[in-house]
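See below for the structure under consideration.
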Amino acid sequence: MMDANPLDEAKDAVLRFARAWTEWEILMARDKESIHDPAMKEAHARLIQDHCTPKKRAYVDGQLTYCRPPTYGSVVEQNLIHMELGSPTKTFIDFNTPFQHYRFVVVKKGGIWKVDSIKWKVIPTDDWKNGLIGM
């Protein structure tokens, strides 16, 4: 039995994260009072827990921010431009969206691929800048 391709597994983890984040932002945007809704805060915390590596995340932990259109709404397979295996447990998955380029740094811990950090740039020749999840 062959092992699954780690790049495909990491890419799938990013796409699941992007879909889940987009669904959450759409729900948040429906009602301006959502920002105070304990259920939406819990859903946000669950999103981070389920899709991101466990670590302190300044400006993300406990903060509810959302965008219209959704931040990662264009992070879809059709916009995938590059995948790179940095090590057996670290990958870089790049997307070209209408607003900017995203690089998802995805790591494998405990056999599960999760988003560790997100980088961005506007012009393809720029250097990658560190981003905040959801911003």
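All values below were derived from every heavy atom in this structure, side-chain atoms included, with hydrogens, water molecules and symmetry-related copies excluded. What you see is a predicted model; the values in this text were computed from it and never measured.
- A ring pair (Phe, Tyr, Trp, His ring centres under 6.0 Å) with Y72 holds for exactly one of W120, Y102, F99; it is Y102.
- Under 4.0 Å is where a charged nitrogen must lie from a carboxylate oxygen, and between K90 and D116 no such pair does.
- Separation of atoms NZ (K55) and CD1 (I48) is listed at 11.0 Å; rounding is to 0.5 Å.
- In terms of heavy atoms, I81 sits closest to N96 at CG2-CB, 3.7 Å.
- Annotation: side chain of T91 is not in contact with side chain of K108 (no heavy-atom distance under 4.5 Å).
- Nearest approach of E25 to P70, heavy atoms of both residues: OE1-CA, 3.1 Å.
- For the side-chain contact (heavy atoms from CB on, under 4.5 Å) test with I118, the passing option among N130, T71, I133, V105 is I133; the others fail.
- Within the model, atoms CZ of F17 and CG of L47 stand 7.0 Å from one another, a figure rounded to the nearest 0.5 Å.
- Between the side chain of K119 and the backbone N or O of D127, no donor-acceptor pair lies under 3.5 Å.
- Counted by atom type alone, E9 and W113 present one or more donor-acceptor pairs between their side chains at under 3.5 Å.
- Looking at heavy atoms from C-beta onward, H51 lies out of side-chain contact with R19 at the 4.5 angstrom threshold.
- A donor-acceptor contact shorter than 3.5 Å links the side chain of K121 to the backbone of D126.
- Within the 4.5 Å cutoff, side-chain heavy atoms of W21 are placed close to those of H44.
- Clustering ILVMFWY residues whenever any of their side-chain heavy atoms sit less than 4.5 angstrom apart, transitively, puts V107 in a cluster other than the one holding M83.
- Here the CG atom belonging to D8 is positioned 8.5 Å from the CD1 atom belonging to I93, to the nearest 0.5 angstrom.
- Here the straight-line distance linking atom CG of D37 with atom CE of M28 works out to 8.0 Å at 0.5 Å rounding.
- Here the CE atom belonging to M40 is positioned 9.5 Å from the CG atom belonging to D31, to the nearest 0.5 angstrom.
- Heavy atoms only, all atoms of each residue included: H101 and V122 are closest at CD2-O, 3.6 Å.
- A salt bridge links E42 with R46: the distance from a Lys NZ or Arg NE/NH1/NH2 to an Asp or Glu carboxylate oxygen falls below 4.0 Å.
- In the hydrophobic cluster analysis, where Ile, Leu, Val, Met, Phe, Trp and Tyr join through side-chain heavy atoms closer than 4.5 angstrom, L7 is grouped apart from V76.
- When all heavy atoms are compared, the tightest approach of N79 to S74 is ND2-O, 2.7 Å.
- L85 and F104 fall within the same hydrophobic cluster, where Ile, Leu, Val, Met, Phe, Trp and Tyr residues are linked whenever their side-chain heavy atoms come under 4.5 Å apart, directly or through other members.
- By the 4.5 Å heavy-atom criterion applied to side chains, K11 and V14 are not counted as neighbours.
- Closest approach of V106 to V115, counting heavy atoms only: CG1-N, 4.3 Å.
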